[in-house]
Amino acid sequence: QKEVEQDPGPLSVPEGAIVSLNCTYSNSAFQYFMWYRQYSRKGPELLMYTYSSGNKEDGRFTAQVDKSSKYISLFIRDSQPSDSATYLCAMSGPGGYNKLIFGAGTRLAVHP
Amino acid sequence: EAGVTQFPSHSVIEKGQTVTLRCDPISGHDNLYWYRRVMGKEIKFLLHFVKESKQDESGMPNNRFLAERTGGTYSTLKVQPAELEDSGVYFCASRPSGGPYEQYFGPGTRLTVT
């Protein structure tokens, strides 16, 4: 069983839609939860970072962590064609400086 | 400020040959990580340097892979001899000591072993 499960998609939505991306995990030791965005032929770029449970909002992006369910989400409001990319969830254990454990990534396409 | 750079961007080699990948982290970042993504799989951790010391090399697949970070600046990852299953994208990331915990990724080196 993978430590982090993420539906690879692809997910196709119209411009302006609300997008919901999710990951589940099995390791209860994970404390740091991140969402990375990766454009084609580029490296992952950090979008959101959350410590432990709770919500965090940054502009059109909201990250949610539910440690009791081992479930994290990323919501994108008013999606734009420029949001078309692969979204990767990643997690790490205590300390935050540890290795990142990634999900497979979800390919998102936002069409005009 | 320059980001993490990796060289080459793409390498095509034959099975049995040797390849060396290079990563230049962001200046002043003591922590340097190597990850790789093979076809259809998730990005997986290979190893972590703190300055010139290997902090965690639990993800290195076998002894055909050798990572070095002499002087605590740039790092190299050598694959010798390369096998077909080594094909994939190799990412380097760096992070400063202390918080925040964001790892800054390079663009990756795409390795193709034929």
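In this text the structure is predicted, and so the values were computed from the model without any measurement. Note on naming: letters A, B, ... go to the chains in the order of the sequence lines (proteins, then strands), and numbering restarts at 1 for each one.
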Transitively linked via ILVMFWY side-chain contacts under 4.5 Å: [X] with [Y]?
X     : Y     : answer
A:L21 : A:Y49 : no
B:V4  : B:Y90 : no
A:F75 : A:Y87 : no
A:I72 : A:V4  : yes
A:F30 : A:M48 : yes

(request) To the nearest 0.5 angstrom, please state how far the OH atom of A:Y36 sits from the CD atom of B:E102. (result) 5.5 Å
(message) Nearest 0.5 Å, please: how far is NZ in A:K99 from CG in B:L46?
(response) 10.5 Å
(message) Going by the rule side-chain hydrogen bond (donor to acceptor under 3.5 Å, both in side chains), which residues pair with A:T24 if we only count those two or more places apart in sequence or in a different chain?
(response) none
(message) Please check if the number of heavy atoms outside A:Y39 that lie under 6.0 Å from its OH is greater than 12.
(response) yes
(message) Is it true that, when you exclude A:R77 itself, more than 12 heavy atoms of the residues, nucleotides or ligands shown sit nearer than 6.0 Å to its CZ?
(response) yes
Using only non-hydrogen atoms and a strict under-4.5 angstrom cutoff, which residues of [range] touch chain A?
range                       : value
residues 56-78 of chain B   : B:D56, B:S58
residues 107-114 of chain B : B:P107, B:R110
residues 37-45 of chain B   : B:R37, B:E42, B:I43, B:F45

(message) Does any backbone or side-chain atom of A:Y51 lie under 4.5 Å from a heavy atom of chain B? Answer side chain, backbone, both or neither.
(response) neither
(message) Report which part of A:I101 has an atom under 4.5 Å of a heavy atom belonging to chain B: side chain, backbone, both, or neither.
(response) neither
(message) Give me the atom names and distance for the closest heavy-atom approach of A:Q38 to B:F91.
(response) NE2-CZ, 3.3 Å
(request) Verify, without hydrogens or angle tests, whether B:Y35 (side chain) and A:L100 (backbone) share a donor-acceptor contact under 3.5 angstrom. (result) yes
